[in-house]
Amino acid sequence: EVVPDPSGKGGRTVFEFAGTQSEVNTAQRLPNGNTMLVEAGDKPRIIEVDAKGAIVRETPIKSQTSNHHMESRMTRALPNGNYLVPQLLDKVVREYTPKGDIVWEAKTPEEPKDSWPFTAIRLADGNTLVTCTHGNMVVEFDAKGVIVWTLTNADFDRPLLNDPCGAHRLPNGNTVICSYAIGDGGTKLVEVTREKKVVWTFAEKDGPGIHEVEI
């Protein structure tokens with residue numbers, strides 16, 4: 001965490017944690033001031049660290065370990081104290097208790113083949129919104145893990161999803177989705193209604209796609 005220098009000449013580091021495994025792929029500042037982090041490696045885990053970088057809680061993740069980079073992404077702490085974890089190569093989203101027990105899970109579709117979950121958002125009604133990356137699809141699961149809403153390129157008059165990694169459900173019920181692999185000149189953000197009508201899109205001539213979005 002870096003605090004900007006008022007002079008505009010950079011900033012100073014006020015928090016830092018050095019990971020102990022292959023990757024630290026998620027960070028979330030919690031209401032109590034601690035920071036939730038996720039380590040990918042031979043022993044994938046969720047940890048909470050205090051302001052001094054000391055580990056105050058550790059939760060193991062049940063995951064394949066042959067591909068560290070594809071173990072998990074965009075984990076989020078839930079209001080009930082549990083954690084919501086998208087597990088890419090396992091093609092599952094799981095809710096873990098702090099002790100590591102799985103209390104909910106939902107499998108992403110088998111087809112398209114590589115529908116790897118990247119972002120999972122627990123919605124106010126208890127449903128869970130999930131982006132499915134290389135499947136070019138966004139789905140919403142109910143509390144039983146059943147898909148109740150699906151968005152694909154077949155819902156548009158032209159392909160607008162290319163490796164959707166990030167998404168955000170707006171208060172009006174619309175969903176904003178970003179495409180990471182869209183490339184130069186592609187549509188990198190799109191807002192759609194529940195009825196799958198396009199509200200607006202954002203494209204730019206240069207630059208890579210967008211990984212995450214929050215409005």
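Residues Trp116 and Leu89 are in side-chain contact: their nearest non-hydrogen atoms beyond the backbone lie under 4.5 Å apart. Two residues are said to be in side-chain contact when any heavy atoms from C-beta on lie closer than 4.5 Å; Trp149 and Leu129 meet this criterion. Taking 4.5 Å as the limit, some side-chain heavy atom of Thr119 sits within range of a side-chain heavy atom of Glu212. Put simply, the side chain of Thr128 does not reach to within 4.5 Å of the side chain of Leu123, judged on heavy atoms. Residues Ile215 and Leu170 meet the side-chain proximity criterion, which asks for heavy atoms closer than 4.5 Å. Between Ile55 and Phe17 there is a side-chain heavy-atom pair separated by less than 4.5 Å. Between Val176 and Val190 there is no side-chain heavy-atom pair separated by less than 4.5 Å. Side-chain contact between Val103 and Asn82 is present, with at least one heavy-atom pair separated by less than 4.5 Å.
Shown here for Pro117 and Val93, the closest heavy-atom pair between the two residues is CB-CG2, 3.8 Å. Shortest non-hydrogen contact noted between Met137 and Glu111 is CE-O, 4.3 Å. Between Cys165 and Phe118, the shortest heavy-atom distance links the atoms O-CD2, 3.4 Å. Here the closest non-hydrogen pair linking Asp42 and Thr65 is O-CG2, 3.6 Å. In this structure, Gln64 and Glu71 approach most closely via the heavy-atom pair O-CG, 3.3 Å. In terms of heavy-atom proximity, Leu189 sits nearest to Val213 at CD2-CG2, 3.8 Å.
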I'd like to know whether Leu84 forms a side-chain contact (heavy atoms from CB on, under 4.5 Å) with Thr75, so could you lay out the CA-CA distance, the side-chain angles of the two residues, the decisive distance to 0.1 Å, and finally the verdict.
CA-CA 6 Å; Leu84 193 61; Thr75 295; over 6 Å; no
Glu1 and Arg29: side-chain contact (heavy atoms from CB on, under 4.5 Å), yes or no, with the steps?
CA-CA 10 Å; Glu1 180 183 6; Arg29 180 58 48 81; 3.0 Å; yes
What's the verdict on side-chain contact (heavy atoms from CB on, under 4.5 Å) for Cys178 and Lys188, showing C-alpha distance, side-chain angles and the deciding distance?
CA-CA 5 Å; Cys178 55; Lys188 300 176 182 181; over 6 Å; no
Please lay out, stage by stage, how Gln87 and Arg73 fare under the test side-chain contact (heavy atoms from CB on, under 4.5 Å).
CA-CA 7 Å; Gln87 298 183 214; Arg73 206 75 93 248; over 6 Å; no
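Side-chain atoms of Asp163 do not come within 3.5 Å of backbone N or O of Asn136 as any donor-acceptor pair. The main-chain N or O of Lys144 is found under 3.5 Å from a side-chain atom of Asp142 such that the two form a donor-acceptor pair. Lys107 places no side-chain N or O within donor-acceptor distance of the main-chain N or O of Gly145, the cut-off being under 3.5 Å. At distances below 3.5 Å, at least one donor-acceptor pair connects side-chain atoms of Thr152 with backbone N or O atoms of Ala154. A distance-only check finds a donor-acceptor pair linking the side chain of Asn153 to the backbone of Leu161 [under 3.5 Å]. Lys62 contributes a side-chain N or O that, together with a main-chain N or O of Gly100, makes up a donor-acceptor pair within less than 3.5 Å.
No more than 12 heavy atoms of other residues, nucleotides or ligands lie within 6.0 Å of NZ in Lys197, so this atom counts as exposed by the packing criterion.
With no hydrogens or angles considered, a side-chain donor-acceptor pair links Glu23 and His69 at under 3.5 Å. At a cut-off of 3.5 Å, with distance as the only test, no side-chain donor of Thr35 or Gln28 sits close to an acceptor on the other residue. Side-chain contact check for Glu105 and Tyr96: no donor-acceptor pair (N or O, by modelled atom type) lies under 3.5 Å.
Exactly one residue among Glu48, Arg94, Glu95 makes a side-chain contact (heavy atoms from CB on, under 4.5 Å) with Tyr83. That residue is Glu48.
Here NZ of Lys43 is found 13.0 Å from OG of Ser22. Values are rounded to the nearest 0.5 Å.
For Thr26, there are no side chain to side chain donor-acceptor pair (under 3.5 Å) partners two or more places apart in sequence or in a different chain.
Taking the ring axis of Trp104 as reference, the NZ or CZ atom of Arg122 stays within 45° of it and closer than 6.0 Å to the ring centre.
Comment: Glu140 engages Arg194 in a salt bridge, judged by a side-chain N to carboxylate O separation of less than 4.0 angstrom.
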